[in-house]
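Okay, structure first, notes after.
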Amino acid sequence: MENNLWQHVLQLRKQSPLVLNITNYVVMNNTANALLAIGASPIMAHAKSEVEDLVNISDSLVINIGTLDEYWEEAMILASRKANQLQKPWIVDPVGAGASSYRDSLLNKLIYLNPTVIRGNASEIIALAKVDKINTKGVDSTAQSDEAVEAAKILSQNCNSVVCISGATDIIVSGNRIIYLKNGHPMMTRVTGLGCSASAIIGAFIGSIENKMEAVVSAMCLIGIAGQLASEKSAGPGSLQLHLIDKLYNMTEEEFFIHLKLIE
Amino acid sequence: MENNLWQHVLQLRKQSPLVLNITNYVVMNNTANALLAIGASPIMAHAKSEVEDLVNISDSLVINIGTLDEYWEEAMILASRKANQLQKPWIVDPVGAGASSYRDSLLNKLIYLNPTVIRGNASEIIALAKVDKINTKGVDSTAQSDEAVEAAKILSQNCNSVVCISGATDIIVSGNRIIYLKNGHPMMTRVTGLGCSASAIIGAFIGSIENKMEAVVSAMCLIGIAGQLASEKSAGPGSLQLHLIDKLYNMTEEEFFIHLKLIE
Amino acid sequence: MENNLWQHVLQLRKQSPLVLNITNYVVMNNTANALLAIGASPIMAHAKSEVEDLVNISDSLVINIGTLDEYWEEAMILASRKANQLQKPWIVDPVGAGASSYRDSLLNKLIYLNPTVIRGNASEIIALAKVDKINTKGVDSTAQSDEAVEAAKILSQNCNSVVCISGATDIIVSGNRIIYLKNGHPMMTRVTGLGCSASAIIGAFIGSIENKMEAVVSAMCLIGIAGQLASEKSAGPGSLQLHLIDKLYNMTEEEFFIHLKLIE
């Protein structure tokens, strides 16, 4: 797989997939800029009167529930149904899963529609599995990451989705296959919305690359390595944000393979 | 005209016009900062219960339909009607014209109200002309820029507006008069919302300068030169964003005239 | 009091309070990043279906009316009532008080609910006092800052709130006690939403520190000193934004006390 990852980055830059984002207010600017930096073309929209038309002209769809409300909920359902109908790939970012019953009720509807990819942190993936009536607290499951992997495996099978758990180690699960990525940097947790940017970047890769597991891995390697290199030259999370966008834009093949830490 | 352009920049800094922005979620922060950097005073608001009161206290109005929905549509119509009633200048940014029939239906209502200025890229200006039932595919019109200029001329006459087509070359059309600007840098296309910032900056200039054609030209020169200087010192589009705001803030008369590339 | 201020900064970093923000679109990204930089944990949300649940799991609440509309108004009232019911501290940022009667009608409802803290600039605090039927134009009150202090004193007593007037000199009023801070830099007025960031940071401190007056003073010292140090090394307001976030993240005790300008 490793040899294909950089080819996918180049293919994306060449194809410049059109990615429709129904996402949260906090990160819209960042995720649009992250998509532009890697060579994709973002559309940010949410009107119930147009989301289906926009799914139709897009290569993929990103649903991020961060600042959901009743109107946006309807738009998200309309768009993801349309994506399924047109067989276009889409990703759900279950921001804040478990924080309110309202949030979980929307997530229940979304995962019932079998998104191509689900990406969240460990606690969100565990909460999402509970939404899906999966009990992950197994007898031997003591660590949060173990519980999240168990949740991800079952979600992946139930929803026929690639599931990505992001964290100090990113874990990508497709059925029984698991890949671990050890890129990134602790300072990244002090910038809002880097998880959301990861989801948007995955959205671009699945709109361009046929093999969805490899698309997700390529996306997570790209942001992980860019974030790591950006953090190393930053005095704080303000500088990190701009260096990350710069690095997503100007990363070279050499930088990619020197820093890649992938374990299968 | 050239001699007046820098005077307009100085006049704007002195007057600090109050600019009401009903704009999209993606760029609100950037456009507010661009306005502050050039010396204007932004208000960002959209409540139907207050937009007319806010037009009343503002010097000009910016309508940007990027993340439109049914509520915002009503607020935009209320505000632009109020601007006309009070004879205050306003600008429309037709983001994504042609991407959905919903978007085009709102644009149809807005251009019917004869905005003082319309600014978009070539494909948006062409799509907008179609909304206005103008057929621009003339026999001799082979290039997109030629078609856009034809569209802009007819829009300018029909709506009594100054029309600005932004791109590698910015083209400003008022009736039969055309001005070309060749500032800017290709990296600017990899930052979200620089077109929206251009529209906001135009909004400030038309709120401060009597001659609307010169106001638009001054605005486009200012952001074009600032963007060019910012790009030249930036490793990527993350750095470009902050250097652009810095340069809008600290540009000197000497920098302005050394780099100005205006063709009438 | 001075000796406690840095201890409060350290306590906040250790406790990482969860801060629910119902805030404006323009500054959501900045305020979330400011909260992360000082060590707090932001939630940004507004759905009427979940704000009460989210108040329940949060340590404090920030209400900022910058881009209010009728839906958000309802969410703000639901959340602040819930905060009162659960005795959780909350802050109101009365952005644009006095600019429209709609804005003032919402503010009237909010101050009736006795927020723990109110923070605005001088004109907002004066407008807010008028909303509360307080006539501040006393015979001897010639300067705006004098009028604002008079308004703040009465608001503080009527609402049982700590009132913070931010400006070239920040003034914190609790009953008859007044503290003046002389940190900050003029360039900060050319960045959108630094007042909103101040309110969010106050929101974090009141969620972590028992003495509310000291919590507000600590917060204002932190952002004032960080903004001053960031401005001094910035070519313009674009650079200032990122240097401010970096400095909120990496400020040391030595920097804090060397630059502190507090007058009681």
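Side chains included, hydrogens not; waters and symmetry mates left out as well; all remaining heavy atoms used. Throughout, a chain's letter reflects where its sequence line sits, starting with A, and its residues are numbered from 1.
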Max heavy-atom pairs within cutoff under 4.5 Å with chain B, candidates A:Met28, A:His243, A:Glu50, A:Glu52, goes to A:Glu50
Is atom OH of B:Tyr112 surrounded by more than 12 heavy atoms (other residues, nucleotides or ligands) closer than 6.0 Å? no
Output for pair (A:Asn29 CG, B:Asn24 CG), nearest 0.5 Å, gives 9.5 Å
Under 4.5 Å, counting heavy-atom pairs only, tell me which of B:Val26, B:Val191, B:Val27, B:Leu242 racks up the most with chain A. B:Val26
Between A:Ala230 and chain B, with a heavy-atom cut-off of 4.5 Å, which part of the residue counts as in contact: side chain, backbone, both or neither? neither
Distance (rounded to the nearest 0.5 Å) between B:Ser100 OG and A:Ile43 CD1: 9.5 Å
Can any side-chain N or O of B:Arg190 pair as donor or acceptor with the backbone N or O of A:Ala37 at less than 3.5 Å? no
Under 4.5 Å heavy-atom distance to chain A, tell me which part of B:Thr189 shows up: side chain, backbone, both or neither. backbone
May I ask you to decide if B:Gly238's main-chain N or O and A:Asn33's side chain share a donor-acceptor pair within less than 3.5 Å? no
Heavy atom to heavy atom, less than 4.5 Å: which residues from residues 69-84 of chain A reach chain B? A:Tyr71, A:Trp72
Where do B:Ser239 and A:Asp246 land on the side chain to side chain donor-acceptor pair (under 3.5 Å) test, with the steps shown first? CA-CA 7 Å; B:Ser239 304; A:Asp246 285 356; 2.3 Å; yes
If you compare all heavy atoms of B:Ala235 against all heavy atoms of A:Tyr249, which two are closest, and at what distance to 0.1 Å? O-CD2, 4.0 Å
What part of B:Asn30 gets closer than 4.5 Å to chain A, counting heavy atoms only: side chain, backbone, both or neither? side chain
